[in-house]
There are 2 protein chains.
Amino acid sequence: MKGKSDENLQCDCTIIHADIVDRVREKMPQEEMLYDLAELFKVFGDSTRIKIIWVLFEEEMCVCDIAYLLNMTPSAISHQLRVLKQARLVKPRREGKNIFYSLDDEHIAEILNQGMSHISE
Amino acid sequence: MKGKSDENLQCDCTIIHADIVDRVREKMPQEEMLYDLAELFKVFGDSTRIKIIWVLFEEEMCVCDIAYLLNMTPSAISHQLRVLKQARLVKPRREGKNIFYSLDDEHIAEILNQGMSHISE
DNA sequence: ATAACATCTGAACAACTATTCAAGTGTTCA
DNA sequence: TGAACACTTGAATAGTTGTTCAGATGTTAT
């Protein structure tokens, strides 16, 4: 059932069928979609941001509190909160001088849980 | 119910209770766990690797086929497959000159699906 | 208005990352 | 054996990223 199927192949090793090539190209999401997906996971790809998310699972919190809990500077936390906010993972709420951040997506827990399942196998 | 609760706080804005601090510290996974989690998501945080995973959803494939489908050099693909392999997301199978890669984890689809759900909101 | 505080911002720096290129290993087949 | 092929590897490069620092913005209370 296997054999060369496309004259435009770049190497001789290619033994996949033309229909598989078609099927992959058909099912594969748009380039932009895949890029956005990678951008989203990039946000999860930093332990500081993971920690911030974890803290916010417990309760909404202001920048200084998060900084205190994670033993980091408010500036560093603020920079990371901006990244999380741009990814629409957290949202701010001003209350006087403080700005309270909370999680803004119901998929976050599931994504993290699946990740946890993978690494603890 | 809110008020200053910890003398070791780094800033005056901290209004969270000591019990919340304790609860967060208690529920938060180990430092190493959070680091590993970030490392895992870092792997998903590159569109080339996302594409490779997507191609492998369809069928196991050799390096050259993946390179052809993604219009990249086999070398670049090989480098990324190494990252995916180290994260235990894909596994190799040699068949003569070719090395076929396939997905090695049942959580991958769920993680990607949750990610897709988030960005297409 | 001024002071004090919480947060944000931009520049700078070191650390990391993806791709390319050239050279290497391992396999098949004549 | 040796040529051809599939794949890997290491060094080099440009590009990206997280934290720090200094200074700016916005809010509150006096």
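In the text below, chain A, chain B and the rest are named by the order of the sequence lines, each starting its count at 1. For clarity, every value in this text was computed on a predicted model and none was experimentally measured.
Residues A:Pro74 and A:Val63 come closest through the heavy atom pair O-CG1, 3.7 Å. B:Cys62 and B:Asn98 make their closest contact through CB-CB, 4.2 Å (heavy atoms, listed as atom of the first residue, atom of the second, distance).
Comparing C:dT19, D:dG18, D:dT17 against the side chain of A:Gln80 picks out D:dG18 as the nearest. The side chain of B:Ser78 lies closest to D:dC7, out of C:dA18, D:dC7, D:dT20. Closest contact between the side chain of B:Val63 and the listed nucleotides D:dT17, C:dT19, D:dT8 involves D:dT8.
In this structure, B:Leu84 atom CG and C:dA18 atom P are separated by 10 Å, rounded to whole Å. If you measure from atom CG of A:Leu81 to atom P of C:dT9, you get 11 Å, rounded to the nearest angstrom. Distance CZ (B:Arg93) to C1' (D:dC7): 15 Å, rounded to an integer number of Å. Atom C1' of nucleotide C:dT28 and atom CG of B:Asn98 are separated by 11 Å, given to the nearest angstrom. Rounded to an integer number of Å, the gap from A:Phe100 CZ to D:dT27 P is 15 Å. If you measure from atom NZ of A:Lys97 to atom C1' of D:dT30, you get 12 Å, rounded to the nearest angstrom. In this entry the distance linking CG of A:Asp65 with C1' of C:dC5 reads 14 Å, nearest Å. A:Lys51 places its NZ atom 14 Å from the P atom of D:dG18, with the value rounded to the nearest Å.
For A:Ser75 against D:dC21, a side-chain N or O and a base N or O form a donor-acceptor pair under 3.5 Å.
The side-chain contact (heavy atoms from CB on, under 4.5 Å) search around A:Pro29 returns A:Met33, A:Leu34, B:Trp54, B:Met116, not counting sequence neighbours.
Side-chain N/O atoms of B:Tyr101 include none lying less than 4.0 angstrom from OP1 or OP2 on D:dA6. At D:dG18, one or more side-chain N or O atoms of A:Arg49 fall inside 4.0 Å of OP1 or OP2 (strictly under the cut-off). For the OP1/OP2 pair of C:dT19 and a distance below 4.0 Å, the side-chain nitrogens and oxygens of B:Thr48 include at least one atom meeting the criterion.
For the pair B:Arg25 and A:Tyr68, the cation sits on the ring face: its NZ or CZ lies under 6.0 Å from the ring centre, inside 45° of the axis.
Among residues at least two apart or in separate chains, side-chain hydrogen bond (donor to acceptor under 3.5 Å, both in side chains) pairs with a member in residues 74-86 of chain B are B:Arg49-B:Gln80.
The 5' end of DNA chain D is approached more closely, in terms of each residue's nearest nucleotide, by B:Arg82 than by the other of B:Arg82 and A:Val83.
In this pair, B:His79 lays its aromatic ring flat on the base of D:dT9, centres within 5.5 Å and planes under 30 degrees apart.
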